> 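The structure under discussion is supplied below as C-alpha cells; questions concerning it will follow.
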Amino acid sequence: MSEFDFQGERETWGDLGRKALRNRSFFIGALITGSVLFMALLSFFWTPFDVTALDIPNKLHWPDAVNWLGTDHFGRDVFSMLMVGARNSIAVAIVAVSIGMAIGVPLGAAAAASRSWGSDVIMRTNDFIFAFPSLLLAVLFTAIFGPSAINAMIAIGIFNIPVFARLAHGGSLALWQREFILSAQTSGKSRVRITVEHIMPNLLNILIVQGTIQFSLGILIEAGLSYLGLGTQPPDPSWGKMLSEAQTMMYFASYLAIFPGIAIVFAVLGLNLLGDGLRDIFDPKLRRGR
Amino acid sequence: MSLLEIKNLCLSFGDIEILRDIDLTIEAGEAVGLVGESGSGKSITSLAAMRLLPPSAKLTGEILFDGRDLLALGENDMCRLRGRDMAMIFQEPMTALNPVKSIGDQIAEGLRFHLGISRRAAEDKVLRLLDEVGLPPARFSPHRYPHELSGGQRQRVVIAIAIAMNPKLLIADEPTTALDVTTQAVILDLLRELAAEHDSALLLITHDLAVVAQMVDRIAVMKDGEIVERGKTLEFFRDMQHPYSKKLLAASKVKPKTVSEIKPSDKPLMAVKDLTRQYRLPRQNLFAPSRYLKAVNDVSFQIEAGESVGLVGESGCGKSTLARTLLALNKPTTGKIEFLGDDLFRLSRHALLEKRRNMQVVFQDPYGSFNPRHKVGRLVAEPLQLVKNISKLGRNERVAEALMHVGLKAEDADKYPHEFSGGQRQRIAIARAIITRPKLIVADEPVSALDVSIREQVLDLLNELSVEQGLAYLFISHDLHVVRAVTDRVLVMYQGQIVEHGATASVFDDPQHEYTKKLLAATPDLQATLQRLEKERV
Amino acid sequence: MKLSKFALRGATALAMLAMAVPALAANNSVTLGMVLEPTHLDPTAGAAAAIDEVVYANLYEGLTRIDSKGAVQPALAKSWTVSDDGLTYTFMLEEGVKFHDGTDFNADDVVFSLDRARGEDSVNAQKALFSAIDKVEAVDASTVKITLSQANGSMLFNLGWGDAVMVAPESADGNKANPVGTGPFKFVKWVKGDRIELAKSDTYWGDADVLEKATFKIISDPAAAFAAMMAGDVDGFPNFPAPENLDQFRADPRFSVVVGSTEGETVLAINNAKAPFDNLKVRQAVSYAINRQSIIDGAMFGNGTPIGSHFAPHHPAYVDLTGAYAYDPEKAKALLAEAGFPDGFDAEIKLPPPSYARRGGEIIAADLKKVGINLKIIPVEWGPWVKDVFTETNFDLTIVSHTEPQDISIYAREKYYFNYKSDAFKGVMDELNKTTDTDGRYKLLGEAQQILSDDAVNGFLFQLAKTGVWNAKLNGLWENSPVQANDLTGVSWSE
Amino acid sequence: MITFIFFLRRIAFSSVTLFVASIVIFAIIQILPGDPAQLILGMNAQADTLAALREQMGLNAPFYSRYFEWVLGIMVGDFGTSYTYSVPVSELILERLWISLPLAVMALSLSTLIAIPAGVIAASRHNKWPDVSIMGFTQLGIAIPNFWFAMLLVLVFAIKLQWMPAGGFAGWDAGIGAGILSLTLPAIALALPQASILARIMRSALLDVLAEDYMRTARAKGLTERMTLWRHGVRNAFIPVLTILGLQFSFLIAGTIIIENIFYLPGLGRLIFQAIAQRDLIVLQGLVLLLVAAVIFINLLVDAAYAMVDPRIKRAYHE
C-alpha cells in the first residue's frame, strides 16, 4: 500500500520543523516523552530518596508530603523508584531498538540491493523469526541466559531485527524502482554506494517513525518481562517489577499498583503520539496512520 | 430551458479560491468540451455539478439542472438524481472500479438502487448493457472481476455503469487520457455513439484539443479556475482571441524536425544485434515447464553519432525494458549491444564506467528522477564521477555550464528540486544528462508528464542541444506527435519486436506495417478534424 | 489516620463480601489451596514437598507416622519392639488393612516397599534414610523384622517420612499418576495445573471419621491465592504464600490465621570453600552485618522466628544462640578489616524463586552494602539453582530454607553444597547416631548447634513460619508442620 | 486452480519452516541449564539415584537420537511423556488447550466486535468528535500494558464489586456459564490492546478505501453515503485488517502467557512457565513447537481468507 510510497514533494528540515510545531500529536508526544526523559536523566543526579537504601520500619506509607507517591514494602520511596525505573526502561528500549536497527536495517537493505540467493536467505530467516511469538522466545532466552536487564535488551533486540529488516527491505525495494536510483546507476555508482548515498537517507523517515513505535513497544515488553521477573533485576527498580511486587499488596496499598502503571502508560502514550506526529510530519499521505 | 446551467459558480477550500465565476450551459443532447491543463479547475467544476465535493468545499452561485437548483437540493434528492439523470465517467479506469466486486454487480448496483429491482431482474439489463458497450457477455461474463480486464475494457464497464439509466447528462472527465492511442480512438467513438443513441448531453473534459475538436459542438477553455474563452468548435478554432488558447493550439500542432541527413556507417555509435530479453513467468502448476515472456524479442538496430532515433510503441510493448538493457542496467538474455565499438556486457567494471560517461539518461517523471534530499548542484554533478581528474572547482564550473545550457541559472545549483516547476525539473534532468558531455542520451518518455504548453519548450531544448553538442538520442515515446518533432529516424515496436523502421517522415506519411497504420489512424489529428468540420459545414 | 483508613476499607470490603459469599450448606468436603503443584503423586519417587502435602497420611501411610507435634506415632505398625543393641526392630502390623485397589496389605508389602526404596535402581529422593538398614524380613503375615547394620536413633522417625510409605507391588509403578495407598482417602482425579480431588475410602481399616471429599487447589500466584481465599473458592491455605496479606485475614472474622512453625531453617548459605568466605572472620562479619529482625519484618512481614544455628526453635533440644551474632555493623566492619578487607569486597548472591529468598536477598544486599560488601543479586530458577549452587557449588552466597525435619546432620556430610568441613562436628554427629537415650541426644544436639554458630558456617536467619489461613469454621488443620503434610484425618467443620 | 497450487506451495513452505523450527526449538531447549532429574529428586538425592532416574527418563541418549525420537513421535501424534507428571505430553496440552483456546477465541471475537464498528465510526466521521474520541481511547488502549489492565480489572470487578472471580478456572464441568465467567475478565484484559490496534487499522484502511476512485464511482451511481460506506468501503477495508488479524495472533499468544499468569488460569501459558521452572523439557519443546505451528497455521488461514475476500489474489500470485 502506501507505506513505501515516496512520491511527492519533499521538504527541507526547516519546513519539517515548522510542521512539527503545528502538529498536535507531535507536540503532546514530545512534551510527554521529554518529561519522561527529563525524569530519567534527573535520576542520575538527584532523586528525593535513595532507592537502594531500605527503610523497613517505614514501609507501606500512603502518599504524603514526604513520600509523594508513598513507600513500598521495603520502605523505599515510590516516586524515586519511578524516576530510576524510567531510566532503566528507556535504557532497555534504546538498546533493543539500536540492536534491531543496527542489524536489521543493513540486512534488509542488503537483501534489497543484492539480487542473489543471499537476499532470499535473509528474508526467509526473517519470516522464520516472525513465526515465533516474540514474548515466548524472550521468556526462553532469559530462562537460558538468566534473567537480567542486559538479556532482556538482547531478547527484545532480536525481535526488532526482522521488523527493521522488513521495513528496510520493503522501503529499499520501492526505492530501487525509482528513477533517481536508475540515474545513479547510469552515473556508474556501485550498489553499495547507492545504498549508502541514496537509499539509506530516504529510509530515514520511515525508520525514525518505526523506531519510535518499536521504542514504545520495547518499553511495554520490558515492563512485561520485568513483571514476569525476567527483566531488570533488584536492586534496580523497574516499573514492571514494581507492579508485580504490588500485586499482593494492592488490596491494602492500591497506590503501589496504580502509579507504576500510570508511568508505563504515560511513557508509551508519549512515544506513540510522537511516532504518529512524526509520521504526519514526514509524510502527509500517511496522515491517517495507525 | 437549458439542461444544465451553471451561473456565477465560485468555489473555495478554506481561504484558497479554486473556481471564480464559472458560467456554463449545456443544452439537452448537446456535447460540450471543457479544455484546460492540469490544475485549471475543470474536474472540480464537474464534481461540483454532481455535488460530489468534500463537505469542506464552499460553493456559491447556482447550478440549475432541468430547472432545479442542485445547490439547494437535499442529499437524498441528489442521490436520486445522480446516476439516473446525470452520470459520470472517470479518468482512471484501473481504479474507478471496486476490485473485489464483479463487474456485473457493479453495473447492476445503480439499476437496483434507482429501480428498486432484484438482482435477478437487473441481470438482463446488465447483459444488454455489456453488449452495448462492446463487451459481448459470451466472452465477458458479468461474473468477471475488474482485474481480469484490460484498461480499455474496464473503461467500457465504467461507461456501461454511466449509461445504465439513460441519463440526460453524461460527464466524461478525461475518459481516455490513461489509455493507449488505439484504445482511445475506439472509446471515443463508443462514447459519441452512445451519447447520440441515448440522447444524452455530453460534457467532455480534456486537456487535448485534438480530442475535443472531433467530439463536441462547443468548447470552453479554462485556466486558473476561470473560463477564459468559449465558442462553437469551428468558430473557436477559427478566431480564438485569448493568448492562452493560442498557446494551447500552437503546442498541439506538430512541427516536424528539420531532418539531419545521416547515413548508416560501418562504425555506428551503438549497434544492437539480435537482442532478446525474457522474464520467467510463474509456473501454471508444479510440474509444468517454465514459461517465458519475451519482453524484447530479437531486436536489431543501430544509432549513428549525432542521430536522433525515435522508439514508438504502446504501453507494455517492451520499450522500457529495451531502454534499460541499452543502459546496461539489465542483462540481455541473448544478443549483444555494441557501444563505441565494444560489447557492453563483456567489459570490465572499469571499462563499463568509461562507456557510461558517453551514455546518459533522461526519465519521464520530473518528480521521481531526483533524490529529494539532495541539492540541484549535487544532483547534476552526480555523473561527473565518471569523469576522471576533475577538481571541485572544475566540478562547479561544469555544473554551472550545464545549468546554463538548459536555460537555468548557475545559482540554481543551491536549490532543492522541489523548488522548481515540472518543466524546470526536466531541464535539470537534461543538465545532468549532458554534464559528462556524452555521445548518446536515452530519453524515456521525457515529456509525457508535462503539460502541453511546457512540452514544446523542452522538445526545443533537446533539438538545440543535439545540434550544438552533436548528441545522438534514442527517444522513447508513445506519443507520435512528440516523436515526429524530434527524431530523424523512427522504430516502431509492437509486442517486443520492431515491426517497422525508417526515416521519420516516410514512416509517418507512408506506413507499411499494419500496426503502424492503425497507430497513425488512431492518433487524433486536429488539422484533419478541422478540415472535416469545415467540409461538413459547407 | 492511616490506620483508620485501613479499617474503613476493610469494613466496607467485608460488608460486601459477607453478602456475596453464599452460605455453604452442610459441609462435607474441604478445598485447600496449595502453592506448588506436585509433579506426581508418588512420595517414594520425588522430593517435592507438594507430593507429601497431598498424599501424606491421606492417601498413603507408613509403618509409623509423625503427628502434628513432630512425635512418632504408630500407623500401619500398631506396635514395635527394639532390641537392646538398637539393631533389630520388630513391627507388629495392623490387620485387615486393604489398599485402595482392594488388595490386602501384609508383611510382604513392607518388605517390598522398603527394599524398593533402598534398592540399587531406587529413585527414592531420601534414600539416605534407609542407609542403616541391613535387611527387612517378613516374620509372618503381620510381623516384620528390620535389621540395621549400625544403630540409628532416628530410625522410627525416618520410617515416618513420606518417602517411607507402604506401597503394593501390584500398583507401585502406577502410583505417580494413579496413587494407590492404604490411607483414609482415595485418589479421584487430577486436573493438571488446577486441582487434585480425593474422596473418602470405604475400605479404610481405621475408624477415622473423615470428610467425604477433599480437593487440593493449586494456586501458585500469591495474589491469586489472596483472591481465591477472599472469594471463598478455597476453604483454607495451610501455607499462605503472601505474608503481607495476613493482616487482612486477621481483620476478617470469616478467617482464622494461624502462624505456626515449620522445619524450615532459612539460612544465608555461604560457600565455605570459596575465598574470601573460607575465612572465619569474614563469615562472622557477615553474620554480624545481618539484621535478622528487619529481614523477618521486610520479607515475611513479621512472620518467623530468628535462629542462631541450624535448629528449629520449637524442638526441645533447641539452644537459643541468636545473641551470638547480634546485629552490629561496626563489629562486622572491624572483623572485615582484621580479615584484610577494610574496604569490603564484591560478591554474588544467587536467589531461588521463593519470596523469602528474593525479598530477603534484597534486604541482605542492602545490609551487607553498609559494611562494604557489595552483592550482585542473581535471581535463578530452581533448575539452575540446583545445578549451579547445589550440585556444582558454584556460588558465593544464597538463601534457602532447609525444610527437612531435624536435618542438622547435613553439616556432617562429606560433600554438601556449602562445603563445610569440621571434624569436631562430624564427631558429634557420629556420637549422636550411636546414642539412643533422649537426654544424651539433646545434649549432643546442643553441642552441634554451638559448633555451627561458632564457625558461622552460614548466616542463620529465621525459622520459616507456617502461615496458615483458613475458614474460621474449619477445625483440625495442623498449626505447625513438623513434616510437610496436610493431614486431613482430623479435619471437620463446626456447626 | 492456481490458488490451489499456490496453497500447496505455501503448505510446503510452512512444513519446511516447521521442520527447521523443530530443530531450533530442540537445540535451544537442550541448553536450558538445569537437570530435570535433580529437580524431581531434590537436594538430598544421591548420585546413583539420579543416574537411575535419568536412565528411566531416557535422558542419557545422545542429542540426535533424542531429537529423532521426538520428531518421529510427533509425526504419529506422540509428543512424549512429561518428565514431571509422567503422563503423555499431548494429554497435558490438550487439557490446557480447553482453557487457552476459548480464551483466545473470546478475546479475538471481543476485540473484533469492538474494533470494527469503532474503526468504521471513526473513519466515517473523520476528524469529527467521534473520530477524535475513538482515536484518543485507542491511543490509551495501546499504551496500557495488558497485565496492568488485568490488575485494575481484578481490583474493580473481582475485589471491589465482586462480580467475577478474581482468578482460577471453575472448570468446564462446573458448567459453561461458570467457565465463561472465569474467562471474561482475562478476555477483556487481552482484548483491549488488540481492539485498539485493530480499530486504528480498520480506520486507516477504511480511510484509504474512502479515498479510492471507485468510491466516487459508487456515489456517482446515486448510492447514498451510507450504502457506499458499507457495500464498497468496509468490505474492501477488511483486506488489510485481515493481515493484521493474522499478525495479532502471535501477540495474542504472548498476551495469553502473561494474562493466564495473572488470573491463574491453568492454560498453556502457565504450562510453559511451569515447564520451564521444572525443566520439563519435553513438555516445553512440544508446547513451543505447537505454538509456532499455530502461528504458521493461522497465517496460512489468513492467506486463504485473503484469497476468498480479494479476487485479485489469484492474479497477484501470477506476477
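Computed from a predicted model, the values in this text were never measured in an experiment. Letters go in sequence order (proteins before strands), and every chain restarts at 1.
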> A:I144, A:V268, A:I258: which one forms the most heavy-atom pairs within less than 4.5 Å of chain D?
A:I144
> Between D:F149 and chain A, which part of the residue has a heavy atom less than 4.5 Å away: side chain, backbone, both or neither?
neither
> Does any backbone or side-chain atom of A:I262 lie under 4.5 Å from a heavy atom of chain D? Answer side chain, backbone, both or neither.
both
> Just so I know, are the side chains of A:D276 and D:R200 near enough to count as touching, which here means a heavy-atom distance under 4.5 Å?
yes
> Rounded to the nearest 0.5 Å, what's the gap from CD1 on D:I253 to CG on A:L136? Could you check?
8.0 Å
> Does CD1 belonging to A:I150 count more than 12 external heavy atoms closer than 6.0 Å?
no
> Given side chains that start at C-beta, do those of A:L228 and D:F147 come closer than 4.5 Å, heavy atoms only?
no
> Give the minimum heavy-atom separation between A:L243 and D:M151, together with the two atoms involved.
O-CE, 3.5 Å
> For D:I142 versus A:L220, what's the shortest heavy-atom pair and its separation?
O-CD1, 3.6 Å
> Which region of D:I28, side chain (C-beta onward) or backbone (N, CA, C, O), has a non-hydrogen atom less than 4.5 Å from a non-hydrogen atom of chain A, or is it both or neither?
both
> How close do A:I264 and D:P145 get, heavy atom to heavy atom, and via which atoms?
CG2-CG, 3.5 Å
> Which atoms of D:V20 come close to chain A, meaning under 4.5 Å heavy atom to heavy atom: side chain ones, backbone ones, both, or neither?
both
> Taking the side chain as every heavy atom from C-beta outward, state whether D:V154 and A:Q247 have any atom pair closer than 4.5 Å.
no
> Name the region of D:L252, side chain, backbone, both or neither, that has any atom closer than 4.5 Å to a heavy atom of chain A.
neither
> Would you say D:W148's side chain and A:A257's backbone share a donor-acceptor pair under 3.5 angstrom?
yes
> State, to 0.1 Å, how close A:S254 and D:L155 come at their nearest heavy-atom pair, and which atoms those are.
CB-CD2, 4.4 Å
> Which bit of D:L140 is near chain A, if near means a heavy-atom gap under 4.5 Å: side chain, backbone, both or neither?
both
> Counting heavy-atom pairs under 4.5 Å with chain A, which one of D:N127, D:T17, D:N261 comes out on top?
D:T17
> Let me know if D:I144 has heavy atoms under 4.5 Å from chain A in its side chain, its backbone, both or neither.
both
> Should we count CZ of D:F19 as having more than 12 external heavy atoms under 6.0 Å?
no
> Between A:L230 and D:F273, what is the shortest heavy-atom contact and its length?
CD1-CE2, 4.3 Å
> Rounded to the nearest 0.5 Å, how far does CG of A:L273 lie from CD of D:Q139?
4.5 Å
> Quick one: of A:V139, A:L271, A:L269, who has the most non-hydrogen atom pairs under 4.5 Å with chain D?
A:L269
> Around atom CZ of A:F128, are there more than 12 heavy atoms of other residues, nucleotides or ligands at under 6.0 Å?
yes
> Is A:I219 in contact with chain D via its backbone, its side chain, both, or neither, using a 4.5 Å heavy-atom distance?
neither
> By a 4.5 Å heavy-atom criterion (distance strictly below it), what part of A:I221 contacts chain D: side chain, backbone, both, or neither?
neither
> Among D:I258, D:I296, D:I257, which residue forms the greatest number of heavy-atom pairs with chain A at distances under 4.5 Å?
D:I258
> If we only count heavy atoms from C-beta on, is the A:L140 to D:I25 side-chain gap below 4.5 Å?
no
